[in-house]
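See below for the structure under consideration.
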There are 2 protein chains.
Amino acid sequence: MGGTRRVANDPLRRQRILDAALAVIAERGVHGTSHRGIAAEAGVPLGSLTYYFDSLDAIFEQAFQQLADSMSEHYRTALTQAGDVAEACLAVTDLICGDQYASARELTLLHEMYAYANHSKAVAETCAQWLGRSRASLSQHFPDRAARAIDALIEGWPMHQAWEHEPLDRELVRATITAIAQRFA
Amino acid sequence: MGGTRRVANDPLRRQRILDAALAVIAERGVHGTSHRGIAAEAGVPLGSLTYYFDSLDAIFEQAFQQLADSMSEHYRTALTQAGDVAEACLAVTDLICGDQYASARELTLLHEMYAYANHSKAVAETCAQWLGRSRASLSQHFPDRAARAIDALIEGWPMHQAWEHEPLDRELVRATITAIAQRFA
DNA sequence: ACCAAGTGTGTACGGTCGTACGCACTTGAG
DNA sequence: CTCAAGTGCGTACGACCGTACACACTTGGT
């Protein structure tokens, strides 16, 4: 029953468009991102974008959703690998200081996502989910109150660092995390 | 010597344009802000914008500079009024939880500024200055290491809160600040 | 009074944007 | 093979954008 089934010729194209969108946003910001820029970056014709996505806003929404998903996942694995609280503190320190979470590209994209979320209901929801998942990862090792405080720190420290000229003091970060963990143990 | 001196008819106009720019950015984001939108908000003709400012980027740069200045000032007075470390901890708690620094409007504008700074040398410099001044205010009461950690928290916590549904736990914030202050006393 | 020069604005132009849409191509059912 | 239906794309259109600029207005010096 139900009509004939057709198969997409290029099922990866949709994904490549989303990747290209994030690349353009990282380089030029949401304010400098257009259908044509994304199409050029992805190497697909302009018509493809309107075929796969309803609007430019829809592209942003789904691209940011993908960003949040991949960051949540990275976040989760980093904390799941930790065996005890001490290791968890170290994992968090790496998250803050390392080039993994805090790479310039991811930080830039995060800023763009937060800015965009203030004007998009859908992306605001994405942010809320990403927040919830990051706290859930933290809760594997820390009590709720500590998780909240540490989460705020993970957010704020790399953001501050983005405008700083000197590198982040790794030992200072570790000591701060440990102090919070002990305070709310 | 030097030609004749002329006087501006409306010396406040420049300032009103900058205020209008921030209003439009807060409401529609940088990506939705145009010369015409700002002109309508300020109640001035379109030509005024190109007369007072070289380009739209220049307007953004100066509007964000003004934002950073006013926030730095608010920040500084809040901390200067504190008499000792305990009062400073309370002042910081207010900064994080209160509606003053953390009002939805200021938070939105901050997100927009950070996002824009990744693509503008001038605004990046504005961010760096604003960061330096906030840490200087903190240094009135806290040693350098504590100031850095607390500063990160002030940045991250309200940002996190923006996507949270329940209100911030004021007592948790105070306890965290105090713990950091004691750890690096 | 007259003029040079600074102040302010309405309009228009070239360009880019988001999106719609007609058309070619592909494919599986009959 | 035939064809209906889904897939994919080139092009075009109306809207809006940033900016330039010609032109009026105001004012201080002479």
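We name chains A, B, ... by the order of the sequence lines, and we start the count at 1 in each one.
- One finds a side-chain N or O of B:Tyr52 lying less than 4.0 angstrom from the OP1 or OP2 phosphate oxygen of C:dG8.
- Every residue meeting the side-chain contact (heavy atoms from CB on, under 4.5 Å) condition with A:Glu166, not counting sequence neighbours, appears here in chain and number order: A:Glu164, B:Arg148.
- Under the rule for a salt bridge (Lys or Arg N to Asp or Glu O under 4.0 Å), the partners of B:Glu73 that lie at least two apart in sequence or sit in another chain are B:Arg76.
- Here A:Arg16 pairs with A:Asp10 under the salt bridge (Lys or Arg N to Asp or Glu O under 4.0 Å) rule; sequence neighbours left out.
- A:Asp144 places none of its side-chain heavy atoms less than 4.5 Å from the side chain of A:Phe184.
- The CZ-C1' distance, from B:Phe53 to D:dA20, rounds to 18 Å in whole Å.
- One interatomic measurement links the two molecules: CD1 of B:Ile38 to C1' of D:dC16, which rounds to 15 Å at whole-angstrom precision.
- When the side-chain nitrogen and oxygen atoms of B:Arg13 are compared with OP1 and OP2 of C:dT9, one or more of them lie within a distance under 4.0 Å.
- Contacts of B:Thr126 classified as side chain to side chain donor-acceptor pair (under 3.5 Å), with partners at least two apart in sequence or in another chain: B:Gln65.
- In terms of the salt bridge (Lys or Arg N to Asp or Glu O under 4.0 Å) criterion, residue partners of B:Asp69 (sequence neighbours excluded) are, by chain and number, B:Arg133.
- Atom OH of A:Tyr51 and atom P of C:dC25 are 17 Å apart (whole Å).
- Regarding B:Asp57, its CG atom lies at a distance of 13 Å from the C1' atom of D:dT19, rounded to whole Å.
- Contacts with DNA chain C (heavy atom under 4.0 Å) in residues 42-49 of chain A: A:Leu46, listed by number.
- Here A:Glu171 pairs with A:Arg174 under the salt bridge (Lys or Arg N to Asp or Glu O under 4.0 Å) rule; sequence neighbours left out.
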Using a 3.5 Å cut-off and no angle test, enumerate the donor-acceptor pairs between side-chain atoms of residues 19-29 of chain A and protein atoms at least two apart in sequence or in another chain.
unit_1, atom_1, unit_2, atom_2, d
A:Asp19, OD1, A:Gln15, NE2, 3.1
A:Asp19, OD1, A:Gln66, NE2, 2.8

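- Between the CZ atom of B:Arg36 and the P atom of C:dA12 there is a distance of 13 Å, rounded to whole Å.
- A:Phe60 places its CZ atom 11 Å from the C1' atom of C:dG18, with the value rounded to the nearest Å.
- As a whole-Å value, the separation of B:Arg14 CZ from C:dT7 C1' is 14 Å.
- To the nearest 0.5 Å, the span separating SG on A:Cys97 from CG on A:Asp169 amounts to 8.0 Å.
- Proximity of residues 22-35 of chain A to DNA chain C (heavy atom under 4.0 angstrom from any strand atom) is restricted to A:Thr33, A:Ser34, A:His35.
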